[in-house]
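Working notes, beginning with the structure itself.
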Amino acid sequence: MTIAPCEIEELPNIGIILKDGTRLSARIWRPINASENPVPAILEYLPYRKRDGTCARDMLTHPYFAQHGYACVRVDIRGNGDSDRLMNDEYTQQELDDAIDVIEWLSQQPWCTGKVGMMGISWGGFNALQTAALNPKPLKAIITLCSTVDRFADDIHYKGGCLLNENLGWGATMWSYSSRPPDPKLRPNYWRQIWRKRLEHEPFLPSIWLRHQKRDYYWKHGSVCENYAAIKAKVLAIGGWGDAYKNAIPQLVQNLDGAKGIIGPWVHKYPHFAAPEPRINFIEEALRWWDRWLKGINTNVEDDPSYSVYLMSASRPSSWYNERPGYWINATLQSDDIKILYLSPTGLQDIAKPFQTTFSSPQTTGATGGEYCAIWLGPEMPGDQRTDDALSLCFDSAPLQADMTIVGAPTLKLCLRSNKPSGLLAVRFNHIHPDNASYRITYGVLNLAHRNGSEQPTPVPVNEEFDIDLQLDCIAYTIPKGHKIRIAISTSYWPLVWPMPVIAELTLSAGQLALPVRSHCEQDDRIFSKPGKISPWKPEIIRMQNHIRKTEIDHSTGESTLSIIDDFGKVRDPDHGLIYGSIGRELWSILPDDPLSAKGTCHWSSETKRDDLTLKTETYCQMWSDATFFYLNAQLQAYETSTLLFEKSVEDRIPRENL
């Protein structure tokens, strides 16, 4: 392994010219002697603005690899940050073709050995996998974090065939991010033209995503599960139990030769600065990966366990955790044992007993479900589930006679009957404390029209029995002796998923829960070193970050409104002097007895200051529905100082298709 750190240089704005003449902007860290002693390159390729978006995390990662003999290259994808041209959508073929051009360009630089790795979290983790599936020759290894192998089943758009409200929320985020100007200092003669074209073209992505309500060609593009064998690069996959993208890691390990997987207790962050604790020295683990596959150094990564997960010990429910007690274990992809429990008139039992019960939940059920993807380090995680449990059909076990350790994905089989041709289920697997506090261990949702798959959904048969199989998200968690477990089932889960157009009553007549259990563990199978000290980015703070999440009930109507304010603060970059800040706001409201009252509203404010220039964008969007259509509108306004330079509006109406 590389031992001694070397002196490095930073190149803040290098132009990479693609085959079609497009200039992408790159920030490069590399050893100062790389031209005399070439090094491998590591690419991170994102729309999230290297100049004023990912600075903090870039400084905690890329300089370290550069000091250990790599050229680290952080590239803004086309149409974002300081790169030219326009972006049409996420993970387009154009985006992936550009990535291949960048990889080829890197491999041909005199300071590069010709070998390239690719790394990224979320968007960068997605396109690292997708680019690897295209098998560019110089790409030898990737590290993908918090990503997915199936864009329909496991991204921010749909889950179990249900429409995630994150489809609008993240679309609003990109509506703001991608409409921001380049840094005028970097393009002094062209920044206004670039910004104007960007504003004129800027797509409102929820309109695109909402036009594909089943797993069609659109979602198959970029879903590497369509052909795992296409990936030849060596893959290290990392995720967190507090993140939305935990299911991809075991799938990649199972389907890719030599792939390794790690899942910690973290939310949607790199593991060397993630929360909750314990963190691991991710950059040391990554360096071992790069040294083996990009330099040919024997670091023994082939001998690492294939799949290491953090087994979380029992916790009280909370909307945030600073630390999760537990142990690192080496897990198998097939459970040691499957514990079968049956839903019965008296709860969860070892023996099946006949029963029948009809249920229907208020539309406000789900208020304690937390964010779909916890990312901003605010109160985003599921809290005490007792409120939602009270509005749901619940099946409890007797107090456990011994500790129960779950490692894997619980599955639930149900026999149902519906009085309506549409409906959804939200299933939570909860840990019930002796004082009845309810902690959500894991969950799943299902659009009943997708009960036989998401490529050809079909209406629910009315007043006829049908069976469903629902796999919950993967997890590793121990429930203590004397505590209970609960299955909570509801017909709504707001504001995580959009409601169905009608209120369905479901009749349940049989159910079977399969739990992947293993022997209890009270010691680490694997020891990760703790993160070392790395010099952080130190901006001048003008306004501190603040994250607020509140639910209000109108007692005259029963309307429930979730208000989210994510103030990302305002800072001045100490290196180049750019001042920037942003605030994102979301409102999600619904009446308890009217699914057609659902409404989502988002508003982002963004500001960039350079010398005497103050550039601002205000972006807005809303979504609502009736029984037949979804309705969207969005507005974008751009200002130079106080002068409105540009504005546009988008209105859309999209038919509901079994949704």
Side-chain angles (χ1 to χ4, degrees), residues 162-169 172 317 319 358-372 378-394 419-420 422-426 428 436-438 440 445 488-506 546-567 583-605 620-635 651 653 656 659:
C162 298
L163 174 63
L164 290 164
N165 285 337
E166 197 69 11
N167 191 74
L168 180 69
S319 61
T358 298
F359 65 104
S360 183
S361 309
Q363 299 302 306
T364 50
T365 310
T368 59
E371 279 291 323
Y372 171 70
E380 298 181 307
M381 303 182 83
D384 195 322
Q385 299 294 294
R386 278 180 281 193
T387 303
D388 285 338
D389 289 355
L391 304 176
S392 305
L393 180 63
C394 293
N419 70 340
K420 294 292 192 306
S422 67
L424 69 83
L425 279 183
R428 287 89 68 202
N436 290 320
S438 181
R440 196 186 79 185
V445 294
I489 309 173
S490 61
T491 56
S492 57
Y493 208 49
W494 179 268
L496 196 83
V497 300
W498 198 263
M500 291 297 164
V502 296
I503 296 176
E505 284 190 351
L506 299 180
N546 189 33
H547 301 278
I548 299 171
R549 184 185 180 98
K550 294 181 179 179
T551 300
E552 296 180 344
I553 304 296
D554 184 333
H555 289 278
S556 64
T557 63
E559 183 179 56
S560 174
T561 301
L562 171 66
S563 173
I564 301 171
I565 302 176
D566 288 311
D567 185 344
I583 303 173
R585 313 164 189 86
E586 297 181 15
L587 290 174
W588 300 95
S589 62
I590 198 166
L591 293 168
D593 298 318
D594 183 6
L596 301 182
S597 68
K599 187 175 184 180
T601 302
C602 306
H603 171 206
W604 276 75
S605 303
Y620 308 84
C621 61
Q622 289 185 326
M623 177 174 163
W624 65 99
S625 64
D626 58 25
T628 308
F629 293 97
F630 294 106
Y631 298 90
L632 297 167
N633 68 40
Q635 299 83 40
E651 292 188 3
R653 187 182 74 164
R656 303 179 72 147
L659 188 62

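The analysis underlying the following values was restricted to heavy atoms, covering all of them including side chains, and did not include hydrogens, waters or symmetry mates.
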P495 and G366: which non-hydrogen atoms are nearest, and at how many Å?
-> CD-O, 3.9 Å

Is it true that the NZ or CZ of R653 lies under 6.0 Å from the centre of Y631's six-membered ring and within 45 degrees of the ring axis?
-> no

Test: R656 cationic atom under 6.0 Å from F630 six-membered ring centre, within 45° of axis = yes

Give, for atom CG of D567 and atom CD1 of I583, the distance between the pair rounded to the nearest 0.5 Å.
-> 4.0 Å

Just by distance, with hydrogens left out, do N633 and Y620 show a side-chain donor and acceptor under 3.5 Å apart?
-> no

CG-CG distance between L425 and L506, expressed to the nearest 0.5 angstrom | 5.5 Å

Does the side chain of Q363 come within less than 4.5 Å of P592's, by heavy atoms?
-> no

Between E559 and L591, the two heavy atoms sitting closest are CB-CD2, 3.5 Å

Any side-chain donor-acceptor pair under 3.5 Å between D388 and T365?
-> no

For S490 and L393, run side chain to side chain contact (heavy atoms under 4.5 Å, CB included): C-alpha distance rounded to whole Å, both residues' side-chain angles, the deciding distance at 0.1 Å, then the answer.
-> CA-CA 6 Å; S490 61; L393 180 63; over 6 Å; no

Taking atom types as modelled, find out whether T364 and W494 have a side-chain donor-acceptor pair closer than 3.5 angstrom.
-> no

Approximate separation, where rounding is to 0.5 Å, of L562 CG and I590 CD1 = 12.0 Å

Passing candidate, side-chain contact (heavy atoms from CB on, under 4.5 Å) with E371, options L496, I564, N165 | I564

Value for CZ (R428) from SG (C394), rounded to nearest 0.5 Å, stands at 7.0 Å

Pairwise distance CD(E586) to OG1(T561) - rounded to 0.5 angstrom = 13.5 Å

Counting N and O atoms only, with roles assigned by atom type, does the side chain of D384 sit under 3.5 Å from a partner on the main chain of S438, one being a donor and the other an acceptor?
-> yes

Spell out, as yes or no, whether a donor-acceptor pair under 3.5 Å connects the side chain of D566 to the backbone of G584.
-> no

Does any donor atom in the side chain of S605 or R585 lie under 3.5 Å from an acceptor atom in the other side chain?
-> yes

Is a side-chain N or O of T491 found less than 3.5 angstrom from the main chain of S361, in a donor-acceptor match?
-> yes

Can you tell me how far the CH2 atom of W588 sits from the CH2 atom of W498, to the nearest 0.5 Å?
-> 6.5 Å

Can you see which heavy atom on H547 is nearest to which on G378, and at what distance?
-> CB-CA, 4.0 Å

Output yes when a side-chain donor or acceptor of Q622 lies under 3.5 Å from a complementary backbone atom of C602, and no otherwise.
-> no

